[in-house]
Amino acid sequence: MSISSTSDQDFPAHYDPAATEAAIYARWQQAGCFTADASRSSRIGGDRDPYGILMPPPNVTAILHVGHGLNNAVQDVLIRWARMKGLEALWVPGMDHAGIATQNVVEKQLATEGLARNDLGREKFVERTKAFVEQTGGVILQQLKSIGASADWSRTAYTFSPELSVAVREAFVRLYERGLIYRGHRVIHWCPRCLTSLSDEEAEARETTGALYHISYPLADDPTRSITVATTRPETMFGDVAVAVNPADERYVALIGKNVVLPILQLPIPIIADDYADPAFGTGVVKITPAHDANDFEVGRRHDLPAPIVIDEHGVMGEVADAAGRVPQALRGIDRFEARERVVAMLDAAGRLVKTETHQHNVRHCYRCDTVVEPRLSDQWFVRMAPLAEPALAAVRTGRVRLLPEKWVGVYEHWMTNIRDWNISRQIWWGHRVPVWYCKECDPPQDVIASRVDLTECPFCGCDVVQDEDVLDTWFSSSLWPMSTLGWPNEEATDLRAFYPSDVLVTAPEILFFWVARMIMMGYEFMGDAPFHSVYLHGTARDTQGRKMSKSLGNGIDPMDVVHLYGADTLRYTLIAGMGLGADVFLDPNDLGKSFATGRNFATKLWNIGRFLLNNVGDDTVRAFADLKPDELGRADAWILEKLDAAIRECDRAIGPVRPAHGVWLEEELASGLRLNEFAETARRFVWNELADWYLEAIKTRLLTPGDDQQVARSVLVHVFDQALRLLHPIVPFVSEALWQRLPGHVDGTFLATSSWPDARRQTTVDVRAGEFELIKEIVEAMRRVRSEYAIPPGKMIDAFVVAAPIWRQMLADEFSLIARLARTQLTLADAAPAGAAANVVLAGGTELIVPLAGLIDVKKECERLQTELANLEKQLASLEARLGNPGFVDRAPSHVVDAERVKRDEWSTRAGLLRARFEGLCGKA
RNA sequence: GGGCGAAUAGCUCAGCUGGUUAGAGCGCCUGUCUUACACACAGGAUGUCGGGGGUUCGAAUCCCUCUUCGCCCACCA
């Protein structure tokens, strides 16, 4: 890509991403820039410390949205930084088979052909899904490449691959053998549309306005008396097996043990006493429906009651088990919500509906299809979580794992200490089938066999066995991701030894419990260590109204649109710069130009700095920066090198450290690192406000004037820009690479992506010349302010005098031409303020600028302005005096504060004196 | 209902363990096509740091309280 000429044709004023990005990415890949070499990991005897990031695997059917863009941009910044720091960096990409989600997609597809999954049968359905995934899946991984993701694609993983399926089985069997997986018969969350159970996390609660129905149940032995129950779900009454009152509730104590008659069915059921009934809620009487409510199930169990099921798997009224004659003929086959209305009408007609009141409560919905979840009594597999949670909780408490932002620590602890068992079986077909076989001939416990290999016959009696029909929760396989992608359960696997544990996990807080917590648990259970030391929980992409971007709201932004319009760097820079730690990113889907202006403007600026540099430095050999002698450097050179060092240090602090120095995070370490917006801002400020605004402007003449000093300026410029490109590369990889490869002296076949991260120089002494440039800069800024204040035309060269301490005088005289160019002001050294009307500015250190105003301004107006300025200054001075006169302040404030205040006071009083003199000189003594 | 967090410029947010004149980006105002960049340059304005109390020589920063938002969790039918 090296170029010999820099005509406008191949170096246009605006960076053209379309012309460069794809080609650069291809060359990175070709050169193997992103492929990690496990043998170089110091953990297995190599020469580099490893650094690992695990990509949260997107669903195999997913298409890139801004959330993915944001998530992967963060990871890519980190991995590119680590790579440049000389670590053996591995970013493992991959996809999730996404059980329910993918099955739903295929079922929808089938539906358009008029087919249901049962029409195909399990085997055919799975085959079809597999084919669908092979044909259309993985689009997102390709899209990630176009935003620059430097993942190691040679290690792309898939939760449903043969290798990872082995890991899933191994984990299941080991947990089963340890008694941490068990089969339970209980009420779980059931989605009547997906026809599967859901975990607690998958059943999302949503605040809903419903109704609380008060129904009177007459006493069996005295139909004139009745007790009233309150329920939100009258349709479940056919499954009632009792009504419960609190044993301490005096209203009902006398009735305990009697029967009431279940309305409509005319079925006698007992009144029982149970603490579960809350006297303060509703009527204090609760109907007990063990098959359709998790709490009622527990109550039923305590009282040894049956659990008739009256709603089937589709959410339709029907007698399923143990419920003969319970569902009236007229309601059979009726949907639960329709049935609710009919039951209410029936009760009303029978005079049993006492009243209906509106009621706020939470209703759980399926996280995949939003259907109202139905509590359902069934057999499911569960993971016993308490023992697994213990080390995972300790990991965060001891600092082995840090959560950022820290506010999530409390949430994590709360969840971990109140953890409930995890339902891992799903009644769908797409996923890892539960590796359990049943033998009809053997007696418990030998009739249930968990096996790492497929069984065709019972290992105990040799007769036929059948495999469990269920598949595992997708998140079960995800929880193994940090190990399974590296070769576990083969503990000798090179990648596993070289890269486990990894370093940072970057994800959205929504899946803290779905995924992150469970990965930590599994890490400890199977590897004896947490899978990473940092969890970076980033914010959400929102529209200008603060709504989360989503497909259903249609307020999303397609990152590919941004890439096509403005380039990947624009997308990345905007997202990274706009994202404080854990803060949401706000973008306007209706105005991409405005939303991404930050990134686009920056990319253009950077491009133009490069353009300037190449046009002015040219292709001729540039002196090696390392060969420059310190005394060859000009003031601007010394200044920009100092700023560069500061920028490098600040960037390091913002993004690092790589990992805790002593295994656990210390207080002081937690204050830095992963502040990517600070990193971006620091780099931007350096490149734009320091390098471009000042250094470049300052050296223009030097670059054009042949001689030794020209060579120095060229060398420093190339060096500083090279370093700046390195700092910026993790954020804007494409434009930085494109420019870096064009720098004079670039060696063909080398990449910025794999070059080294800058180091700040170890300077022990303060460079006086840098300070001198700072004074020049202040003078220029002051002159510009004066010019603007007095509305002096930009093109007009004006004269001014400078009164400075003797040590500055020669230096200033040297730089008069530079100041003249930057401030359009011809300075002359003076010993004191010349007579006549003038604007007067005092800079830090007592340097004074005097700008004769004759012929430039309205003297009368200037007098008024000076007067107010003087009044303000004197007011401020008075309060400063008061503070310094306050013994408490002087005694207890740190000395540097007191000193600073004193310096300020002295400066201000000098300035006040000068102002007064100027005022008097200008207006004559009033 | 329990827990956690936030409130700073028009908008989105920085402001670490209290200490010079509270910052950035975008937006806004004025001027400029100054031979890298008008996606730019130069200059500028804007804050009772949510309200109230307290600690202190000194509070955006620490404590209490109120208000308003947000998030997580939860079996009150």
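For the numbers below, each heavy atom of this structure counts, side chains included, while hydrogens, waters and symmetry mates do not. Letters A, B, ... are given to chains in the order of the sequence lines, protein chains preceding strands, and every chain is numbered from 1.
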*Asks:* Applying a 4.0 Å non-hydrogen cut-off, can you work out what A:Arg542 is touching in the nucleic acid: base, sugar-phosphate, or nothing?
*Replies:* nothing
*Asks:* Roughly how many Å is it from CG in A:Leu613 to P in B:A36, rounded to a whole number?
*Replies:* 12 Å
*Asks:* Give one of base, sugar-phosphate or nothing for A:Ala692, where a contact means two heavy atoms less than 4.0 Å apart.
*Replies:* base
*Asks:* Starting at CZ of A:Arg685 and ending at P of B:A14, how long is that distance when rounded to a whole Å?
*Replies:* 18 Å
*Asks:* Base, sugar-phosphate alone, or nothing: which one does A:Ala791 contact when heavy atoms must sit under 4.0 Å apart?
*Replies:* nothing
*Asks:* Within the 4.0 Å heavy-atom criterion, would you say A:Glu697 contacts the bases, only the backbone, or no part of the nucleic acid?
*Replies:* base
*Asks:* Among the candidates B:A42, B:C26, B:C75, find the nucleotide nearest to the side-chain atoms of A:Asp693.
*Replies:* B:A42
*Asks:* Testing the 3.5 Å rule here: is there a donor-acceptor pair between the side chains of A:Glu357 and A:His214?
*Replies:* yes
*Asks:* So, is A:Lys605 close to the B:C41 phosphate, meaning a side-chain N or O under 4.0 Å from OP1 or OP2?
*Replies:* yes
*Asks:* Just checking, any donor-acceptor pair under 3.5 angstrom between side chains of A:Tyr217 and A:Asp240?
*Replies:* yes
*Asks:* With rounding to the closest Å, how many angstrom separate the P atoms on B:C16 and B:G50?
*Replies:* 14 Å
*Asks:* What is the separation between atom CG on A:Leu212 and atom C1' on B:C76, rounded to the nearest whole Å?
*Replies:* 10 Å
*Asks:* Can you tell me the Watson-Crick or wobble partner of B:G19, both distances under 3.5 angstrom?
*Replies:* B:C57
*Asks:* Return the nucleotide paired to B:C11: Watson-Crick means purine N1 to pyrimidine N3 with N6-O4 or O6-N4, wobble means G-U with N1-O2 and O6-N3, both under 3.5 Å.
*Replies:* B:G25
*Asks:* Of the options B:A36, B:U12, B:C71, whose atoms approach the side-chain atoms of A:Arg611 most closely?
*Replies:* B:A36
*Asks:* Answer yes or no: does a side-chain N or O of A:Lys407 lie under 4.0 Å from OP1 or OP2 of B:G3?
*Replies:* no
*Asks:* Find the partner of B:C75: check Watson-Crick (N1-N3 plus N6-O4 or O6-N4) and G-U wobble (N1-O2, O6-N3) distances, both under 3.5 Å, and reply none if neither fits.
*Replies:* none
*Asks:* Is there a side-chain contact between A:Arg784 and the phosphate of B:C41, meaning an N or O under 4.0 Å from OP1 or OP2?
*Replies:* no
*Asks:* Could you check whether A:Ala294 gets within reach of a base, just the sugar-phosphate, or nothing at all, counting any heavy atom under 4.0 Å?
*Replies:* nothing
*Asks:* Pick base, sugar-phosphate or nothing for A:Gly284, based on heavy-atom distances below 4.0 Å to the nucleic acid.
*Replies:* base
*Asks:* Taking the nucleotide of RNA chain B with the nearest heavy atom to each, does A:Pro794 or A:Glu789 sit closer to the 5' end?
*Replies:* A:Pro794
*Asks:* Tell me what A:Tyr276 touches on the nucleic acid: a base, only sugar-phosphate, or nothing, going by heavy atoms under 4.0 Å.
*Replies:* base
*Asks:* So A:Phe281, base contact, sugar-phosphate only, or nothing? Heavy-atom distance under 4.0 Å.
*Replies:* base
*Asks:* Taking atom types as modelled, find out whether A:Lys287 and A:Thr236 have a side-chain donor-acceptor pair closer than 3.5 angstrom.
*Replies:* yes
*Asks:* Output yes when A:Arg685 and A:Glu678 qualify as a salt bridge under the 4.0 Å nitrogen-oxygen rule, no when they do not.
*Replies:* no
*Asks:* Contact class for A:Leu696 (heavy atom, under 4.0 Å): base, sugar-phosphate, or nothing?
*Replies:* base
*Asks:* On a whole-Å scale, what distance lies between the P atoms belonging to B:U12 and B:G53?
*Replies:* 28 Å
*Asks:* Using purine N1 to pyrimidine N3 plus N6-O4 or O6-N4 for Watson-Crick, or N1-O2 and O6-N3 for G-U wobble, each under 3.5 Å, what pairs with B:U35?
*Replies:* none
*Asks:* Does A:Arg675 reach a base, just sugar-phosphate, or nothing at all? Heavy atoms under 4.0 Å.
*Replies:* nothing
*Asks:* Does B:C75 have OP1 or OP2 under 4.0 Å away from a side-chain N or O of A:Arg364?
*Replies:* yes
*Asks:* Regarding A:Asn418, tell me which of base, sugar-phosphate or nothing describes its non-hydrogen contacts under 4.0 Å with the strands shown.
*Replies:* nothing
*Asks:* Given B:G25, B:A77, B:G43, which nucleotide is nearest the side-chain atoms of A:Arg785?
*Replies:* B:G43
*Asks:* Calculate the interatomic distance between A:Arg821 atom CZ and B:U34 atom P; express it in whole Å.
*Replies:* 15 Å
*Asks:* For A:His359 and B:A77, is the shortest distance between a side-chain N/O and OP1 or OP2 below 4.0 Å?
*Replies:* yes
*Asks:* When you measure from the side chain of A:Glu678, which nucleotide among B:A14, B:A77, B:C39 comes out closest?
*Replies:* B:A14
*Asks:* Would you mind reading off the distance between A:Asp274 atom CG and B:A77 atom C1', rounded to a whole angstrom?
*Replies:* 13 Å
*Asks:* Which class fits the ring pair A:Trp415 and A:Phe513: parallel under 30°, tilted 30 to 60°, perpendicular over 60°?
*Replies:* parallel
*Asks:* Answer with base, sugar-phosphate or nothing: what part of the nucleic acid does A:Ser788 contact at a heavy-atom distance below 4.0 Å?
*Replies:* sugar-phosphate
*Asks:* Do A:Tyr15 and A:Tyr566 have their ring centres less than 6.0 Å from each other?
*Replies:* no
*Asks:* Quickly work out the A:Trp688 CH2 to B:C26 C1' distance and round it to whole Å.
*Replies:* 12 Å
*Asks:* Specify the residue among A:Arg600 and A:Asn677 whose closest nucleotide of RNA chain B lies further upstream toward the 5′ end.
*Replies:* A:Asn677
*Asks:* Please confirm whether A:Phe602 and A:Tyr573 have ring centers closer than 6.0 angstrom.
*Replies:* yes
*Asks:* From the set B:A77, B:G25, B:G2, return the single nucleotide nearest to any side-chain atom of A:Arg684.
*Replies:* B:G25
*Asks:* When the P atoms of B:A6 and B:G27 are considered, how many whole Å apart are they?
*Replies:* 30 Å
*Asks:* Going by distance alone, is a donor N or O of one side chain under 3.5 Å from an acceptor N or O of the other, for A:Asn423 and A:Arg186?
*Replies:* no
*Asks:* Using Watson-Crick or G-U wobble geometry with both distances under 3.5 Å, which nucleotide pairs with B:C69?
*Replies:* B:G5
*Asks:* Taking CZ from A:Arg787 and P from B:C41, how many angstroms apart are they, rounded to a whole number?
*Replies:* 19 Å
*Asks:* When the distance from CG of A:Leu537 to P of B:C71 is rounded to whole Å, what number comes out?
*Replies:* 16 Å
